[in-house]
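Just below is one structure, and these are the notes that go with it.
Basis for what follows: all heavy atoms, side chains included, without hydrogens, waters or symmetry-related copies. Below, chains carry the letters A, B, ... as their sequence lines are ordered, and counting in each starts from 1.
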There are 2 protein chains.
Amino acid sequence: MRKRKGAGRPTIADVATQAGVSSITVSRALRDPQKVSERLRGRIDKAVRALNYIPDTHASALASSRSNVVGVLVPSLTNNVFADTLRAIYDALDGSPLQVQLGNSRYSAAEQERLVGIFLSQRPTAMIVSGIDQTPTARKMLEDANCPIVQIMETGPDPIDMMVGFSHYQGGRAAARHLIDQGYRHIGFLGARMDPRTTRRLAGFRSALEDAGMFDPDLVKTTTTSSSVTLGGVLVRELARHRPDLDAVFCNNDDLALGALFGAQKAGISVPGQLGIAGFNDLEMMEAACPTLTSIRTDRYGIGRHAVNMIHAALDGTPPLQKVVDLGFELQVRQSTDRTYRAT
Amino acid sequence: MRKRKGAGRPTIADVATQAGVSSITVSRALRDPQKVSERLRGRIDKAVRALNYIPDTHASALASSRSNVVGVLVPSLTNNVFADTLRAIYDALDGSPLQVQLGNSRYSAAEQERLVGIFLSQRPTAMIVSGIDQTPTARKMLEDANCPIVQIMETGPDPIDMMVGFSHYQGGRAAARHLIDQGYRHIGFLGARMDPRTTRRLAGFRSALEDAGMFDPDLVKTTTTSSSVTLGGVLVRELARHRPDLDAVFCNNDDLALGALFGAQKAGISVPGQLGIAGFNDLEMMEAACPTLTSIRTDRYGIGRHAVNMIHAALDGTPPLQKVVDLGFELQVRQSTDRTYRAT
DNA sequence: TAACTTAATGATAGCGCTAACATTAAGTCA
DNA sequence: TGACTTAATGTTAGCGCTATCATTAAGTTA
């Protein structure tokens with residue numbers, strides 16, 4: 001007789017034999033202890049410990065056609081922005097049986113599509129994906145997936161299922177308006193990577209400046225390389241050298257803003273006296289910096305928490321009436337854009 | 001006859017019917033296309049696309065008693081240190097069929113133990129776990145797991161299986177020696193969270209100062225709260241107020257060091273003139289800061305890459321002769337500990 | 001006390017895939 | 001030319017668990 005060897009690990013049947021009950025009783029005792037009498041439960045727990053039994057997720061998922069995986073796709077693990085959202089997702093899932101399966105799409109729509117396929121092959125309980133710019137194929141797969149889907153970090157008119165985020169366009173616009181209101185007149189833009197979200201921030205920035213009749217494409221400095229503090233310093237110095245009339249910069253993110261501050265300091269440009277600086281996201285360090293740095297605060301933690309709440313609601317059969325949630329943003333005005341500020 | 005409904009998705013059998021072949025042929029075509037004639041392969045591919053077939057990972061893993069999951073346990077997702085290592089792991093696994101399953105133990109050994117159990121229930125191909133301080137139960141589970149295990153970020157005498165990292169004790173010692181050599185005499189220590197690794201850095205720091213007859217417990221300022229730039233600023237100012245003779249600080253990590261720089265600037269303490277600052281890890285921003293910040297460079301990316309290489313080797317049946325790899329560290333001396341430096 | 005509910009346990013048949021063996025048709029070599 | 005390899009495909013029986021349908025014993029109602 002042919003035989004398969006398996007992994008050699010103890011199975012539920014081994015536990016059942018040891019405890020003198022049937023497999024299904026062990027299965028029940030492990031999944032829902034109340035369904036089994038206290039006497040048997042004790043025997044089963046003992047057998048589990050004696051054998052070092054660890055249940056097999058795959059067998060369980062196959063038999064019940066249900067896994068406990070929530071697939072989460074983010075474009076970067078290095079970026080603090082997503083770290084905060086991930087932390088919220090982990091926190092919100094704490095205590096539930098659901099497990100996060102994390103995927104890193106590296107800011108590539110093609111890679112996101114590939115990962116969507118891989119993740120769906122695990123029959124996840126739900127999916128959380130970053131952004132609204134999925135490929136048509138990825139979108140189709142997600143629509144067919146038959147599980148709650150939440151797109152995060154952005155809002156848009158056409159959710160696959162649910163959506164929670166904010167408008168990057170409006171965020172960019174608000175930052176630009178603030179700099180204009182502060183009296184800056186030659187306002188530059190520093191941008192890295194230029195993924196869809198940062199591109200929309202630039203669009204918002206541009207529209208505000210155009211409304212004020214102040215947009216100057218020559219003051220927009222972007223690169224497709226990935227963002228870093230170092231890069232912020234490089235870009236601001238290049239721009240300031242090229243355009244000595246530059247009096248403020250809106251940085252696409254806080255790393256660039258911090259780098260711009262350092263770059264200005266190294267070049268002997270006083271902040272905010274000669275150069276105003278505003279960032280985006282309001283990471284923790286912005287308040288700590290010297291001078292403190294103006295930024296657009298985004299609720300990254302709230303986005304993660306909200307996404308999980310929406311998933312729980314959908315799984316409970318009470319899908320939210322509002323499929324698209326905009327958590328907005330908040331301008332944090334600090335010393336780096338305060339023209340009356342004088343360093344001590 | 002009783003019947004189970006499954007998830008209603010197309011199965012490999014549906015594809016087989018559509019293509020006019022048997023299920024096993026479809027299975028082969030998908031896993032190893034060369035085993036199937038070109039003619040059938042074409043028909044099968046067509047059927048897969050027509051049905052939007054997505055293979056079921058769980059069924060596959062159950063049948064083959066082999067999953068394609070590499071479980072990775074880190075204590076934090078927010079900490080850039082682990083982000084770099086994770087990026088390396090993702091990069092090194094790119095192109096292989098292996099998938100990362102990421103767990104966040106939140107700096108808790110108990111949580112790490114819980115996650116080890118959950119991860120092993122997926123019968124992973126390999127496991128990567130942070131640190132060497134597993135609970136006895138977790139250690140036992142990993143030893144029994146029958147798959148390659150790599151402990152990362154640290155080195156120690158007694159690997160579960162394999163290990164790659166560096167000595168935090170020596171790192172702390174090297175930082176302290178450098179400050180002593182620079183002529184600093186009242187050297188403080190700023191530490192947050194104080195997990196096992198940061199504790200060992202402190203031990204190394206202490207031993208170097210003791211060797212020099214300079215250790216002063218009053219200059220050690222630690223907290224168990226988590227690290228942040230803001231906290232670095234708070235701690236350095238408290239310590240400087242309490243001990244005006246303080247002339248240098250070794251910060252447990254770079255966030256604290258950056259915060260210490262800002263805190264000193266806000267308090268009107270010049271760096272490095274009145275206060276030397278050294279950090280740990282050498283994140284990218286250290287070189288960009290103004291003044292540039294001294295740090296102990298650790299090869300976080302290398303650790304991740306190396307861990308994956310060790311796993312591949314073990315899976316290929318050629319386990320590395322050297323089970324414990326020490327990638328060391330490198331002191332990066334910069335302006336913040338250069339007593340001859342004068343700000344421009 | 002008959003008819004009926006409830007609680008606790010068990011027997012059986014899949015879930016969707018692949019390992020192991022089986023078969024067929026074609027080429028290969030002494 | 002017959003014994004033998006090789007390549008391509010198929011048949012069957014699980015992998016370890018749980019959904020579904022029994023079954024049994026005990027309590028509950030009219």
Side-chain angles (χ1 to χ4, degrees), chain A residues 1-44 47-48 51-68 97 120-123 146, chain B residues 1-44 47-48 51-68 97 120-123 146:
Chain A
M1 205 73 258
R2 68 177 89 158
K3 208 158 284 178
R4 296 269 273 277
K5 61 173 179 300
R9 290 166 156 286
T11 70
I12 214 171
D14 299 326
V15 176
T17 307
Q18 173 109 1
V21 298
S22 70
S23 310
I24 188 68
T25 303
V26 175
S27 176
R28 287 194 187 106
L30 295 176
R31 281 179 296 154
D32 193 353
Q34 301 169 358
K35 283 194 175 155
V36 171
S37 69
E38 200 169 337
R39 200 172 52 92
L40 291 193
R41 215 186 306 150
R43 297 223 306 263
I44 289 168
V48 164
L51 294 173
N52 270 316
Y53 170 71
I54 297 179
D56 186 309
T57 306
H58 300 296
S60 168
L62 179 58
S64 63
S65 62
R66 182 189 320 133
S67 82
N68 58 349
L120 290 182
S121 78
Q122 297 182 52
R123 314 294 182 234
N146 195 30
Chain B
M1 205 73 261
R2 66 177 88 159
K3 207 156 285 181
R4 297 268 273 278
K5 60 172 179 303
R9 290 164 155 288
T11 71
I12 212 170
D14 298 326
V15 176
T17 306
Q18 173 109 2
V21 298
S22 70
S23 309
I24 189 70
T25 303
V26 176
S27 176
R28 287 193 187 109
L30 295 175
R31 280 179 299 154
D32 193 354
Q34 301 169 358
K35 284 194 175 157
V36 171
S37 68
E38 201 170 333
R39 200 172 52 94
L40 291 192
R41 216 186 306 151
R43 297 225 305 262
I44 290 169
V48 164
L51 294 173
N52 270 317
Y53 170 72
I54 297 180
D56 185 308
T57 305
H58 301 297
S60 168
L62 180 58
S64 64
S65 64
R66 183 189 321 131
S67 80
N68 58 350
L120 290 182
S121 78
Q122 297 183 52
R123 313 295 182 234
N146 196 30

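- Residue Ser27(A) places at least one side-chain N or O under 4.0 Å from the OP1 or OP2 atom of dT18(D).
- Counting only distance, with no hydrogens or angles, the side chain of Arg66(A) and the backbone of Ala61(A) share no donor-acceptor pair below 3.5 Å.
- Ser60(A) and Thr57(A) are not linked by any side-chain donor-acceptor pair at a separation below 3.5 angstrom, with hydrogens and angles left out of the test.
- Distance from the side chain of Ile12(A) is smallest to dT18(D) among dT18(D), dG10(D), dA19(C).
- Taking CZ of Arg123(B) as the reference point, atom CD1 of Ile54(A) lies at 6.5 Å (rounded to 0.5 Å).
- The side chain of Ser64(B) lies closest to dA19(C) when the candidates are dG10(C), dG10(D), dA19(C).
- Side-chain N/O atoms of Arg41(A) include none lying less than 4.0 angstrom from OP1 or OP2 on dT9(C).
- Here Thr25(A) contributes atom OG1 and Ile12(A) contributes atom CD1; the two are 9.5 Å apart, rounded to the nearest 0.5 Å.
- For the pair Ile54(B) CD1 and dG16(C) P, the interatomic distance rounds to 14 Å; values are reported in whole Å.
- Following rounding to the nearest Å, Asp32(A) (CG) and dT18(D) (C1') show an atom-to-atom distance of 13 Å.
- The side chain of Ala63(B) has dG16(C) as its nearest neighbour among dA19(D), dA20(C), dG16(C).
- Put simply, CG on Leu30(A) is 16 Å from P on dG16(D), counting in whole angstrom units.
- Contact check, Ser60(A) against dT18(D): a side-chain N or O comes under 4.0 Å of OP1 or OP2.
- Picking from dT9(D), dT18(D), dC17(D) the nucleotide with the shortest atom distance to the side chain of Ala59(A) gives dC17(D).
- Comparing dC15(C), dC17(C), dG10(D) by their closest approach to the side chain of Leu62(A) singles out dC15(C).
- Side-chain contact check for Ser27(B) and Arg31(B): at least one donor-acceptor pair (N or O, by modelled atom type) lies under 3.5 Å.
- One cannot find a donor-acceptor pair under 3.5 Å joining the base of dG16(D) and the side-chain atoms of Arg9(A).
- Of the side-chain N and O atoms in Ser65(A), none sit less than 4.0 angstrom from OP1 or OP2 of dG16(C).
- At dG10(C), one or more side-chain N or O atoms of Ser22(A) fall inside 4.0 Å of OP1 or OP2 (strictly under the cut-off).
- Separating the NZ atom of Lys35(B) from the P atom of dA8(D) is a distance of 11 Å, rounded to the nearest angstrom.
- At whole-Å resolution of the value, CZ in Arg31(B) and P in dC17(C) are 11 Å apart.
- When the P atom of dC17(C) is taken as reference, atom CZ of Arg66(B) falls 16 Å away, rounded to whole Å.
- Contact check, Thr25(B) against dT9(D): no side-chain N or O comes under 4.0 Å of OP1 or OP2.
- Arg43(B) has its CZ atom 15 Å from the P atom of dA8(D), to the nearest Å.
- Both Arg28(A) and Pro10(A) sit near DNA chain D, but only Pro10(A) has its closest nucleotide nearer the 5' end.
- Arg39(A) comes within 4.0 angstrom of no nucleic acid atom, judged by non-hydrogen atoms across all strands.
- Remark: side-chain polar atoms of Arg28(A) are not paired, donor with acceptor, to backbone N or O of Pro33(A) under 3.5 angstrom.
- The side chain of Ser23(B) sits closest to dT18(C) out of dG10(D), dT18(C), dT18(D).
- Between dT9(C), dT18(C), dT11(D), one nucleotide has an atom nearer to the side chain of Leu40(A) than all others, and that is dT9(C).
- The listed nucleotides are dC17(C), dG10(C), dG10(D); the one nearest the side chain of Ile24(A) is dG10(C).
- When the C1' atom of dG10(D) is taken as reference, atom CD1 of Ile44(B) falls 13 Å away, rounded to whole Å.
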